[in-house]
Amino acid sequence: MKTVSPETFTADGVVADIYRPDTHPRAVLVLAHGAGGNRQTAIMRAYGTEFSGRGVFVACIDLPYRQRRPKGPPSPSGAAGDRDGIRAAASLFRSESDGSLILGGHSYGGRQASMVVAEDGDTVDAAGLLLSSYPLHPPGKPDRARTDHLGDITVPTVIVHGASDPFATTEEITDAIALIAAPTRLVEIAKTGHDLKPDKKPTAQLAADAVDELILNGSTR
């Protein structure tokens, strides 16, 4: 994968790495990081590089809890504020393209993005979701599935899943995404865990292929 140097954006409470395509953007993708990471983790850089190379404006954001402290997990009490951070970024960057707006993220960030779409999809006007390693349940605790809001998602959704992810088996994630009231596409990455190994696997390319087909080109096959 080629090296791409993003530009840093900091304004209006939003901190992001911006990956600009060489041409006028055909879509905008706002991505939030996982619980232990930030906007510069390997999977975020991989998505930023791959999607911008396909003509998409990509904003990899630091969620509000990460802006407040450089390390440590998010607090459940701050989750609503993290979702507000996604909303703010979506509003800020939406005008970068007259094409589609896609929200998403890795693990915790993807879960919060999915909740934003479920809670106020009409006002945020997202055309699709990209969920990378959706944390369906805590490892070893399948009885604590995070599925309550999935039935309220009404936009096409791509889910990128590592076959050995301890946060969900392939069967569990397949059953969960069947709850989404819109077309879905599961991209399984073989012999891969929660981090999706973007430096060793074609994870970003496969994710972008699925987004192109299901969301940007409107295929529901």
Next on the checklist: Return the OG1 to CZ distance between Thr23 and Arg54, rounded to the nearest 0.5 Å.
Outcome noted: 13.5 Å

Checklist entry - Can you name the nearest heavy-atom pair linking Leu103 to Ala126, along with the distance? => result CG-CB, 4.2 Å

Checklist entry - Do the side chain of Gln67 and the main chain of Asp62 share a donor and acceptor less than 3.5 angstrom apart? => result yes

Next on the checklist: Would you compute the distance between atom OG of Ser52 and atom CG of Asp22 and round it to the nearest 0.5 angstrom?
Outcome noted: 8.0 Å

Next on the checklist: For Tyr108 and Tyr65, take the angle between the two ring planes, folded into 0 to 90°, and tell me which bin it lands in: parallel under 30, tilted 30 to 60, perpendicular over 60.
Outcome noted: perpendicular

Item to check | Closest non-hydrogen atom pair, Ala46 against Ala204 | outcome: O-CB, 3.6 Å

Checklist entry - Backbone N or O of Gln40 within a donor-acceptor pair of the Asn38 side chain at under 3.5 Å? => result yes

Next on the checklist: Quick check on ring-ring contact (aromatic ring centres under 6.0 Å, His included): which of His106, His161, His194, His137 does Phe167 satisfy it with?
Outcome noted: His194

Checklist entry - Given Thr8 and Arg39, is the side chain to side chain contact (heavy atoms under 4.5 Å, CB included) satisfied, shown in steps? => result CA-CA 10 Å; Thr8 300; Arg39 70 186 191 277; 3.8 Å; yes

Next on the checklist: Restricting to non-hydrogen atoms, name the atom on Leu101 and the atom on Ala90 that form the minimum distance, rounded to 0.1 Å.
Outcome noted: CD2-CB, 4.1 Å

Checklist outcome for this item: Between the OG atom in Ser132 and the CG atom in Leu196, the distance rounded to the nearest 0.5 Å is 4.5 Å

Checklist outcome for this item: Ser97 and Pro25 have their tightest heavy-atom pair at OG-O, 2.9 Å

Checklist entry - From Ser114 OG over to Ile153 CD1, what is the distance, rounded to the nearest 0.5 angstrom? => result 4.5 Å

Next on the checklist: Run the side chain to side chain contact (heavy atoms under 4.5 Å, CB included) test on Asp165 and Leu136 for me, step by step, so that the C-alpha distance in whole Å, both residues' side-chain angles and the decisive distance to 0.1 Å come before the verdict.
Outcome noted: CA-CA 10 Å; Asp165 191 339; Leu136 182 61; over 6 Å; no

Checklist outcome for this item: Between the NZ atom in Lys200 and the NZ atom in Lys191, the distance rounded to the nearest 0.5 Å is 13.0 Å

Next on the checklist: So Ile86 and Val124, do their side chains get closer than 4.5 Å, heavy atoms only?
Outcome noted: no

Next on the checklist: Looking at Lys201 and Asp195, is there a salt bridge between them, counting it only when a charged N and a carboxylate O are closer than 4.0 Å?
Outcome noted: no

Checklist entry - Going hydrophobic residue to hydrophobic residue with side-chain gaps under 4.5 angstrom, can you get from Val117 over to Ile159? => result yes

Item to check | Parallel, tilted or perpendicular, as decided by the 30° and 60° cut-offs, for the rings of Phe93 and Phe9 | outcome: perpendicular

Item to check | Backbone N/O of Pro135 and side chain of Arg146: donor-acceptor pair under 3.5 Å | outcome: yes

Checklist entry - What are the two closest non-hydrogen atoms of Gly128 and Ile215, and how far apart are they? => result CA-CD1, 3.9 Å

Item to check | Shortest non-hydrogen contact from Leu131 toward Gly110 | outcome: CD2-O, 3.3 Å

Checklist entry - Would you call Asp84 and Pro64 a side-chain contact if the rule is heavy atoms closer than 4.5 Å? => result no

Item to check | Selection residues 25-34 - residue pairs positive for salt bridge (charged side-chain N to carboxylate O under 4.0 Å, His left out), sequence neighbours left out | outcome: Arg26-Asp212

Checklist entry - If you round to the nearest 0.5 Å, how far is CG of Leu150 from CD1 of Ile177? => result 9.5 Å

Checklist entry - Between Leu206 and Val160, is any pair of side-chain heavy atoms under 4.5 Å apart? => result no

Checklist entry - Of Thr123, Val116, Asp82, which is the lone residue that meets side chain to side chain contact (heavy atoms under 4.5 Å, CB included) with Arg87? => result Val116

Item to check | Connected via hydrophobic side-chain network under 4.5 Å: Leu130 and Val30 | outcome: no

Checklist entry - Is a side-chain donor or acceptor of Thr192 paired with a backbone partner of Ala190 at a separation under 3.5 angstrom? => result yes

